[in-house]
Engineer: 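Structure incoming, see below.
Start at 1 and go down the list; that is how both ligands and their atoms are numbered.
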Amino acid sequence: MNRAEKAALQLQAVAVLRMLKRPRTYEELAETTGLPAGDLNRYVNGHVLPGPDRAREIVNGVGRDALADELQSRITRDAEGYVDNSAIVFDQSFLDLVAPVAAESFGFETPDVVLTAATDGITLGAAMASFFDARLAYAKKSKETAVEEFIESRQRLASGIELTYYLPASAIGGGETVLIVDDLIRSGETQELLLDIALQADADVTGVFALIAVGEEGLDRAREITDAPVGALEQME
Ligand SMILES: O=P(O)(O)OC[C@H]1O[C@H](OP(=O)(O)OP(=O)(O)O)[C@H](O)[C@@H]1O
């Protein structure tokens with residue numbers, strides 16, 4: 001890790017601690033993290049940065065658990081089990097915290113491009129792209145006017161409806177590395193279409209990440225298509 005990467009990790013740890021501190025006293029934060037309250041006070045107030053090893057533990061350990069709990073508490077489901085995650089996907093600063101935790105937890109390599117599906121994947125995609133200093137590309141269910149060439153992928157869904165995603169052909173270059181992300185993975189149909197788009201672009205997929213996986217079906221479907229790491233921050237039944 002070079003000096004800039006170390007500094008970035010230390011600042012991410014501070015951002016995670018600040019999020020955890022909001023509803024807690026320092027005593028409670030000490031209990032949650034297992035770190036001394038005095039140290040935590042200095043980190044949260046920006047007087048001292050946690051060392052790189054401690055920073056990694058915060059981001060990987062308590063950071064991941066805390067984000068997953070926070071995610072869980074903001075999601076609501078209707079009687080049919082459909083998920084409303086607008087309290088997550090509308091909150092860009094929360095997603096900015098998720099990006100380093102996801103990258104550390106699943107070992108995703110830095111990609112050239114983060115690819116997602118419009119609409120709800122866009123804010124997560126932007127957070128991940130900004131974290132990796134990568135480009136963002138999102139496939140849409142309609143064609144952008146004035147774009148001449150598209151990569152398109154079509155599938156007949158289990159429901160019988162046909163779903164097509166379009167990506168401007170210039171968004172991903174042949175041989176580039178692509179990380180596929182989305183807010184939610186349920187059947188895995190959307191991820192399959194995104195994986196197909198990456199394949200058509202001759203790109204190399206470095207991972208598939210979702211904030212929430214409902215059941216295992218979608219993750220398994222993605223794992224059948226790629227050997228790259230596939231994971232979700234939170235899994236629900
Ligand atoms: O694993 P799957 O069964 O494919 O479901 C996951 C997809 O469903 C949602 O998008 P939706 O199609 O509702 O479009 P939206 O983002 O525009 O709401 C979500 O944002 C994922 O892209």
Engineer: Give a yes or no on whether the backbone of E70 and the side-chain of S73 come within a donor-acceptor separation of less than 3.5 Å.
Structural biologist: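 The answer is yes, because a donor-acceptor pair under 3.5 Å joins these two groups.
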
Engineer: Just by distance, no angles: are the side chains of T177 and D204 close enough, under 3.5 Å, to form a donor-acceptor pair?
Structural biologist: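 Judged by distance alone, the side chains do not pair up.
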
Engineer: Counting C-beta onward and ignoring hydrogens, is there a side-chain heavy-atom pair between Y138 and T119 closer than 4.5 Å?
Structural biologist: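 Answer no - side chains too far apart.
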
Engineer: Is it true that the side chains of Q72 and E234 contain a donor and an acceptor less than 3.5 Å apart?
Structural biologist: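 Judged by distance alone, the side chains do pair up.
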
Engineer: Return yes if some donor-acceptor pair links the side-chain N/O of Q92 with the main-chain N/O of T123 below 3.5 Å, else return no.
Structural biologist: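 Between the backbone of T123 and the side chain of Q92 there is a qualifying donor-acceptor contact (under 3.5 Å).
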
Engineer: Any donor-acceptor pair under 3.5 Å linking the side chain of D78 with the backbone of G81?
Structural biologist: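 Pair found, side chain donor or acceptor close to backbone of G81.
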
Engineer: Any protein heavy atom sitting closer than 4.0 Å to atom 10 (O) of ligand 1?
Structural biologist: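 No, because not a single protein heavy atom sits under 4.0 Å from atom 10 (O) of ligand 1.
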
Engineer: Could you see which bit of Q191 sits under 4.0 Å from ligand 1, with heavy atoms only: side chain, backbone, both or neither?
Structural biologist: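 Answer for Q191: neither.
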
Engineer: Does atom 13 (O) of ligand 1 have any protein heavy atom closer than 4.0 Å?
Structural biologist: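 Answer no: nothing from the protein, no heavy atom, is under 4.0 Å.
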
Engineer: Which protein non-hydrogen atom lies closest to atom 6 (C) of ligand 1, naming both residue and atom, and how far is it?
Structural biologist: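 Answer for atom 6 (C) of ligand 1: L184 O, 3.3 Å.
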
Engineer: Which of the listed options, L193, L219, D182, holds the heavy atom that is closest to atom 22 (O) of ligand 1?
Structural biologist: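 It is D182 whose heavy atom sits nearest to atom 22 (O) of ligand 1.
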
Engineer: Can you list the atoms of ligand 1 that are under 4.0 Å from a heavy atom of G188?
Structural biologist: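 The atoms of ligand 1 under 4.0 Å from a heavy atom of G188 are 1 (O), 2 (P), 3 (O).
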
Engineer: Nearest to atom 2 (P) of ligand 1, what protein heavy atom do you find, and at what distance?
Structural biologist: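 Answer, as residue, atom name and distance: S187 OG, 3.4 Å.
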
Engineer: Look at atom 19 (C) of ligand 1 and find which of L157, D120, D183 reaches it with the closest heavy atom.
Structural biologist: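 Among L157, D120, D183, the closest heavy atom to atom 19 (C) of ligand 1 belongs to D183.
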
Engineer: Check for a donor-acceptor pair, side chain of T116 on one end and backbone N or O of V181 on the other, with a separation under 3.5 Å.
Structural biologist: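 Yes.
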
Engineer: Check ligand 1 against I185 and write out every atom of the ligand that is under 4.0 Å from a heavy-atom position of the residue.
Structural biologist: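 Every atom of ligand 1 under 4.0 Å from some heavy atom of I185: 1 (O).
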
Engineer: Main chain of V62, side chain of N60: is a donor-acceptor contact present, judged purely on distance under 3.5 Å?
Structural biologist: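 No: the side chain of N60 does not pair with the backbone of V62.
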
Engineer: Considering distance alone, does some N or O of T119 sit under 3.5 Å from an N or O of ligand 1?
Structural biologist: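 Yes, since at least one N or O of T119 sits under 3.5 Å from an N or O of ligand 1.
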
Engineer: May I ask you to identify the nearest protein heavy atom to atom 4 (O) of ligand 1, giving residue, atom name and distance to one decimal place in Å?
Structural biologist: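 Its nearest protein heavy-atom neighbour is T190 OG1, 2.5 Å.
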
Engineer: For E189 and S187, which I'm curious about, is there any donor-acceptor pair between the side chains at under 3.5 Å?
Structural biologist: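 Yes, S187 and E189 have a side-chain donor paired with an acceptor closer than 3.5 Å.
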
Engineer: Under a heavy-atom criterion of less than 4.0 Å, does K141 contact ligand 1?
Structural biologist: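 Right, K141 reaches ligand 1.
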
Engineer: For A118, counting its heavy atoms only, list the atoms of ligand 1 lying under 4.0 Å from any of them.
Structural biologist: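 Selected atoms, number and element: 16 (O), 17 (O).
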
